**Student:** 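This is the structure I have questions about; it appears just below.
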Amino acid sequence: MPANKKYLSTPVQRFLKITAGFVGGYFVMLSLHLLLTYLFRQEQVIVTAFITGYILWAVLLLLAFLCKSGWKIWGIYLALSITFYGLFHLLNH
C-alpha cells in the first residue's frame, strides 16, 4: 500500500531539507564549538567536540526533517550559524 501523497514532500522541499540537515547542521555545529572555545580552554573544546560535535550534527540533521518547510529550516540554521560566529568575533575583539 503506497503512502498518501498529501503527506509526502515535493522534490525541492526534500532537497532543501537534506542539504539543510547536512550542510546547515554542520555549520551550526562548527560555529557553536567555535564560540565555546571562547568560554572554555581550546584544548578541552577540541577534545569534547569529537563526540559532542557528531551528536549535535546528527540531532540537527534529524530536526531538519521534522520541519514542514525546507526554506524555514535553512533560515533557522543560517541565523544560528551567523549568531554564533558573530558572537565569537565580538567577544574576541
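Heads up: numbering here begins at 1 and tracks the sequence. Everything numeric in this text was worked out from a predicted model, so none of it was measured.
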**Student:** What pairs with Tyr54 under ring pair (Phe, Tyr, Trp, His ring centres under 6.0 Å), at least two apart in sequence or on another chain?
**Tutor:**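 Tyr54: no ring pair (Phe, Tyr, Trp, His ring centres under 6.0 Å) contacts found.
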**Student:** Just wondering, are more than 12 heavy atoms of other shown residues or ligands nearer than 6.0 Å to CZ in Phe15?
**Tutor:**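 Not more than 12 within 6.0 Å, no.
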**Student:** Enter the distance from Leu78:CG to Thr83:OG1 here, rounded to the nearest 0.5 Å.
**Tutor:**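 Reported value, rounded in 0.5 Å steps: 10.5 Å.
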**Student:** How close do Ser81 and Ser31 get, heavy atom to heavy atom, and via which atoms?
**Tutor:** CA-OG, 3.5 Å
**Student:** Which heavy atom of Leu56 sits nearest a heavy atom of His33, and at what distance?
**Tutor:** CD2-CE1, 4.4 Å
**Student:** Mind checking what makes ring pair (Phe, Tyr, Trp, His ring centres under 6.0 Å) contact with Tyr85, not counting sequence neighbours?
**Tutor:**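 If we apply the ring pair (Phe, Tyr, Trp, His ring centres under 6.0 Å) test to Tyr85, skipping adjacent residues, the hits are His89.
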**Student:** Report yes if some heavy atom in the side chain of Leu39 is under 4.5 Å from a heavy atom in the side chain of Leu36; otherwise report no.
**Tutor:** yes
**Student:** Could you state the interatomic distance from CG (Leu32) to OG1 (Thr52), rounded to the nearest 0.5 Å?
**Tutor:**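 Rounded to the nearest 0.5 Å, the CG-OG1 separation comes to 8.0 Å.
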**Student:** So, do Trp74 and Val23 sit near enough that their side-chain heavy atoms are less than 4.5 Å apart?
**Tutor:**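 The answer is yes; the side chains approach within 4.5 Å.
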**Student:** Looking only at non-hydrogen atoms, find the nearest pair between Lys68 and Gln13 and report the distance.
**Tutor:** O-OE1, 3.8 Å
**Student:** Quick one: are Val28 and Trp57 in side-chain contact, heavy atoms under 4.5 Å?
**Tutor:** no
**Student:** Can you check side chain to side chain contact (heavy atoms under 4.5 Å, CB included) on Ile76 and Leu80, steps first, answer last?
**Tutor:** CA-CA 6 Å; Ile76 292 169; Leu80 284 173; 4.1 Å; yes
**Student:** To the closest 0.5 Å, what do you measure between CD1 (Ile82) and CG (Leu87)?
**Tutor:** 12.0 Å
**Student:** Would you indicate whether Ile51, at its atom CD1, is surrounded by more than 12 heavy atoms from other residues, nucleotides or ligands within a distance under 6.0 Å?
**Tutor:** no
**Student:** Nearest 0.5 Å, please: how far is CG in Leu90 from OH in Tyr38?
**Tutor:** 10.5 Å
**Student:** Can you tell me how far the CG atom of Leu66 sits from the NZ atom of Lys17, to the nearest 0.5 Å?
**Tutor:** 9.0 Å
**Student:** Less than 4.5 Å apart, side chain to side chain, heavy atoms only: is that true for Thr37 and Phe88?
**Tutor:** yes
**Student:** With a cut-off of 6.0 Å (strictly less than), are more than 12 heavy atoms of other residues, nucleotides or ligands near CZ of Phe84?
**Tutor:** yes
**Student:** So if I apply the side-chain contact (heavy atoms from CB on, under 4.5 Å) rule between Val59 and each of Leu62, Leu63, Leu61, which one comes out positive?
**Tutor:**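 Single pass found, and it is Leu63.
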